[in-house]
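We name chains A, B, ... by the order of the sequence lines, and we start the count at 1 in each one.
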Amino acid sequence: MNADAGFVQIKDLAAHDGRDVSIHGWLFGKRSGGGVAFLQIRDGSGICQCVVESSAEDAFKKASELPHESSLIVRGIVRKDERAIGGYEIAVSSVEIIHIAAEYPITRKAHGIDFLMSHRHLWLRSRRPTAILRIRHTLIKACRDFFDNRGFTLVDTPILVAGAGEDAQTLFPVEYFDRKAFLAQTGQLYLESACLALGKVYCFGPTFRAEKSKTRRHLTEFWMIEPEVAFAELDDVIALAEDMVCYVVEQVLARHQDDLTFLGRDIEALRKVKKPFIRMTYGEVAENLRSAKTKDWLEKEMMRDKEKLQALIDELGRLEKQVDAVKKTAQKDKIQIQIHELKENIEDLEADLHNRPAHIASAQAFEFGGDLGGSDETIISKQFDKPVFVTDYPREAKAFYMKESVQDKRLVRNMDLLAPEGYGEIIGGSQREENLDVLVTRMKEKGLNPEDYDWYLDVRKYGSVPHGGFGLGIERALTWICGLKHVRETIPFPRTMGRIYP
RNA sequence: UCCGGCGUAGCUCAAUGGUAGAGCGCUUGGCUGUUAACCAGGAUGUUACAGGUUCGAGCCCUGUCGCCGGAGCCA
């Protein structure tokens, strides 16, 4: 596999039109006839059709016998052909088999989520995961470029920590020689001290939460990018988050039209993500949730969704009739997969509609003091087509380090960013309490022992300044940007409450 | 932790308490432009596990396990 063998990546085929090239990859799909075989080969950069004619005797024999996902090298002339996906194909002169694959468990037909998750190491090779992982790469790079270009310094924070970040109940304990330690939930406390050294800092790494939650928004191990800025107040933190999200969405749109389209993402909805985002205080959100207008809106939405459900059920009936009429098995397959997807969508919508009255009732009964529930977030984020900043939550609902509001001591200077289209919280941040005495009081309020946080309190003893930052959950942001139903598809090997394999 | 659902062939799913099936995948043969190809044949089962009811259990009952969805909590 040396350079002079003329290896090219499939994505660059067009630039080699008419030339003799080699590609190496895996057999993604195959159709073979008596005298011609069509190999779909993927190499990680794309998928290419390779045509092997029986006149190329050795190549044809090998091609006909190869099972799916075998690895191989093919050599041939690149040529333009409208019948090939991508517009170019390779007229094969030779096939070199690297490895003959065993029977591959993942087919291009319908699979259930449990099966796919148990075969995640293989599922990664499919088109949907690769599309998502490419977007993940861009999102992470865009976040890092954004901070790097603004004079931030990357500061790596520890993953093994002695004490709780926020709530000890949700920490994973680990043995640390003869002591107990925990896996970090956030790098924030460390970043706060680092920002007094470097001014503007950020960290990017995995975080761990032992929350016993099994929902489409939760992982036990997820990645977070967290900036922290000295001399910043809440408005600065909000502006920073707004600019970052706009930049990230812009970068993904610029590079991944094809991937987003493959995922079925409504790209127009993403294009609307431009400054300024919506800003509401917690008080305004509470009022909104309780209002007659919102109730009316929700009830109308529920009616619309009921109609949508009926339309889906009608569609299902239509397809089920059609499937009996169709003879060709490929078409039948296609319809059966549509039926499968439709059934899933119907189940989801039914479950959603079933929960809806309770959500409406809980929104109407929303009381000052509580944190926003998942359903409340969904309600707010469905009402707008741009992300929504919610600020100034009640202090009892939020962490000890958030700065107390000057105007209203019941509130803290924090913000959550809710992604639109019902996706909900992707960012949580705040201005931090820089006053030592207030901070200690707040810790005691939360039942924490200030002595455990001596080093952290030192940040307030030696040149304390206003500062603040936020954390962006990479997987939640990706779920929204890719338009997915569940966070588990946005990370290569998801860790959820019920799964740690593979 | 709580509430609900599911568990049948490698996969996706059928099967009034009465002979365990279909499609795909795999395999054999055919076909020189296929687009999740097509045509003809073939192999494939501890019905999650352990008890119970019954002449008879994939189906009913009890328990266990696994997974899925939701609540609380959170990014």
> Please give, in whole Å, the distance from G70(B) C1' to Asp352(A) CG?
Replying inline: 11 Å

>> Applying the Watson-Crick and G-U wobble criteria at under 3.5 Å, what pairs with G7(B)? Answer none if nothing qualifies.
In response: C65(B)

>> So does Leu418(A) get a backbone contact from the side chain of Ser381(A), meaning a donor-acceptor N/O pair under 3.5 Å?
In response: no

> When all nucleic acid strands are considered with a 4.0 Å heavy-atom cut-off, which category describes Gly424(A): base, sugar-phosphate, or nothing?
Replying inline: nothing

>> At 4.0 Å (heavy atoms only), tell me whether Gln49(A) reaches a base, stays on the sugar-phosphate, or touches nothing.
In response: base

>> Between U8(B) and C49(B), how far apart are the two P atoms, rounded to whole Å?
In response: 10 Å

>> Closest approach to the side chain of His111(A), judged atom by atom: which nucleotide of C11(B), U32(B), G70(B) is it?
In response: C11(B)

>> Tell me whether the count of non-hydrogen atoms from other residues, nucleotides or ligands lying under 6.0 Å of NZ in Lys295(A) goes above 12.
In response: no

>> Could you check whether Phe366(A) and Tyr282(A) have their ring centres less than 6.0 Å apart?
In response: yes

> Can you tell me how far P of G33(B) sits from NZ of Lys30(A), to the nearest Å?
Replying inline: 18 Å

>> Looking at A40(B), which nucleotide sits across from it as a Watson-Crick or G-U wobble partner, both distances under 3.5 angstrom, or is there none?
In response: U28(B)

>> Taking the minimum atom-to-atom distance to the side chain of Asp81(A), which one of G33(B), C73(B), C68(B) wins?
In response: G33(B)

> With sugar-phosphate meaning primed atoms plus P, OP1 and OP2, does Ile106(A) contact a base, only sugar-phosphate, or nothing at under 4.0 Å between heavy atoms?
Replying inline: nothing

>> With rounding to the closest Å, how many angstrom separate the P atoms on C59(B) and C6(B)?
In response: 14 Å

> What integer distance in Å separates Arg216(A):CZ from C73(B):P?
Replying inline: 19 Å

> Separation of His218(A) atom NE2 from C73(B) atom C1', in whole Å?
Replying inline: 6 Å

> If you measure from the C1' atom in U12(B) to the same atom in A50(B), how many Å do you get, rounded?
Replying inline: 28 Å

>> Pairing check on G17(B): which nucleotide meets the Watson-Crick or G-U wobble criteria with it, both distances under 3.5 Å?
In response: none

> Between G25(B) atom C1' and Arg31(A) atom CZ, what is the distance in whole Å?
Replying inline: 16 Å

> Is His68(A) near enough to C26(B) that one of its side-chain N or O atoms lies under 4.0 angstrom from OP1 or OP2?
Replying inline: yes

> With a cut-off of 6.0 Å (strictly less than), are more than 12 heavy atoms of other residues, nucleotides or ligands near NZ of Lys485(A)?
Replying inline: yes

>> Under 4.0 Å, heavy atoms only, any strand: does Asp416(A) hit a base, just the sugar-phosphate, or nothing?
In response: nothing

>> Counting only side-chain heavy atoms from C-beta out, which of A75(B), C67(B), C68(B) sits nearest to Asp114(A)?
In response: C67(B)

>> From CZ of Phe115(A) over to P of U8(B), roughly how many Å is that when rounded to an integer?
In response: 13 Å

>> I want to check one thing: is the phosphate of G69(B), taken as OP1 and OP2, less than 4.0 Å away from some side-chain N or O of His486(A)?
In response: yes

> Which value, in whole Å, describes the distance between the P atoms of nucleotides G21(B) and A9(B)?
Replying inline: 14 Å

> Is the distance from OP1 or OP2 of U1(B) to the nearest side-chain N or O of Lys212(A) less than 4.0 Å?
Replying inline: yes

> How far, in whole Å, is C55(B) from C68(B) if one measures between their P atoms?
Replying inline: 41 Å

> Checking all strands, does Ser375(A) fall into the base, sugar-phosphate, or nothing category for heavy-atom contacts under 4.0 angstrom?
Replying inline: nothing

> If pairing requires Watson-Crick or G-U wobble contacts with both distances under 3.5 Å, which nucleotide is the partner of C2(B)?
Replying inline: G70(B)

> Is U46(B) paired to anything, Watson-Crick or G-U wobble with both distances less than 3.5 Å, and if yes, which nucleotide?
Replying inline: none

> If you measure from the ring centre of Phe38(A) to the centre of the six-membered ring in the base of G33(B), is it under 5.5 Å, with the planes under 30° apart?
Replying inline: no

>> Taking the six-membered ring of Phe368(A) as reference, does the cationic atom of Arg410(A) (NZ for Lys, CZ for Arg) lie under 6.0 Å from its centre and within 45° of its axis?
In response: yes

> On a whole-Å scale, what distance lies between the P atoms belonging to A40(B) and G23(B)?
Replying inline: 11 Å

>> For the C1' atoms, the ones on U46(B) and on U1(B), what distance do you get once it is rounded to whole angstrom?
In response: 35 Å

> Base, sugar-phosphate, or nothing: which does Ser55(A) touch, judged by heavy atoms less than 4.0 Å apart?
Replying inline: nothing

> Within the structure shown, what part of the strands sits under 4.0 Å from Arg79(A) by heavy-atom distance: base, sugar-phosphate, or nothing?
Replying inline: base

>> On RNA chain B, compare the nucleotides closest to Ser213(A) and Glu221(A); which residue's is nearer the 5' end?
In response: Ser213(A)

>> Looking at Glu433(A) and Phe400(A), would you say the former's side chain and the latter's main chain have a donor-acceptor pair under 3.5 Å?
In response: no

>> Could you tell me the Watson-Crick or G-U partner of C60(B), where both distances fall under 3.5 Å? Say none if there is no partner.
In response: G52(B)

>> The side chain of Glu425(A) is closest to which nucleotide in this list: C26(B), U32(B), A75(B)?
In response: A75(B)

> Could you state the CD-P distance from Glu396(A) to C73(B), rounded to the nearest angstrom?
Replying inline: 13 Å

> What integer number of Å spans the P atoms of A48(B) and G58(B)?
Replying inline: 10 Å

>> Applying the Watson-Crick and G-U wobble criteria at under 3.5 Å, what pairs with A22(B)? Answer none if nothing qualifies.
In response: U12(B)

>> Ignoring hydrogens and geometry beyond distance, is a side-chain donor-acceptor pair present between Arg217(A) and Thr479(A) at under 3.5 Å?
In response: no

> Can you find a side chain N or O atom of Arg499(A) that sits less than 4.0 Å from OP1 or OP2 on C67(B)?
Replying inline: no

>> So does Thr490(A) get a backbone contact from the side chain of Arg136(A), meaning a donor-acceptor N/O pair under 3.5 Å?
In response: yes

> For Glu89(A) and Thr107(A), take the nucleotide of RNA chain B holding the closest heavy atom to each; which residue's nucleotide lies nearer the 5' end?
Replying inline: Thr107(A)

> How long is the line joining CD of Glu211(A) and C1' of A71(B), in whole Å?
Replying inline: 14 Å

> In terms of side-chain heavy atoms of Leu219(A), which of A75(B), C26(B), U32(B) is nearest?
Replying inline: A75(B)

>> Check the phosphate of G69(B) against Arg488(A), side-chain N and O only, distance under 4.0 Å to OP1 or OP2. Yes or no?
In response: yes

>> Surrounding CG of Asp145(A) (heavy atoms of other residues, nucleotides or ligands, distance under 6.0 Å), is the total greater than 12?
In response: yes

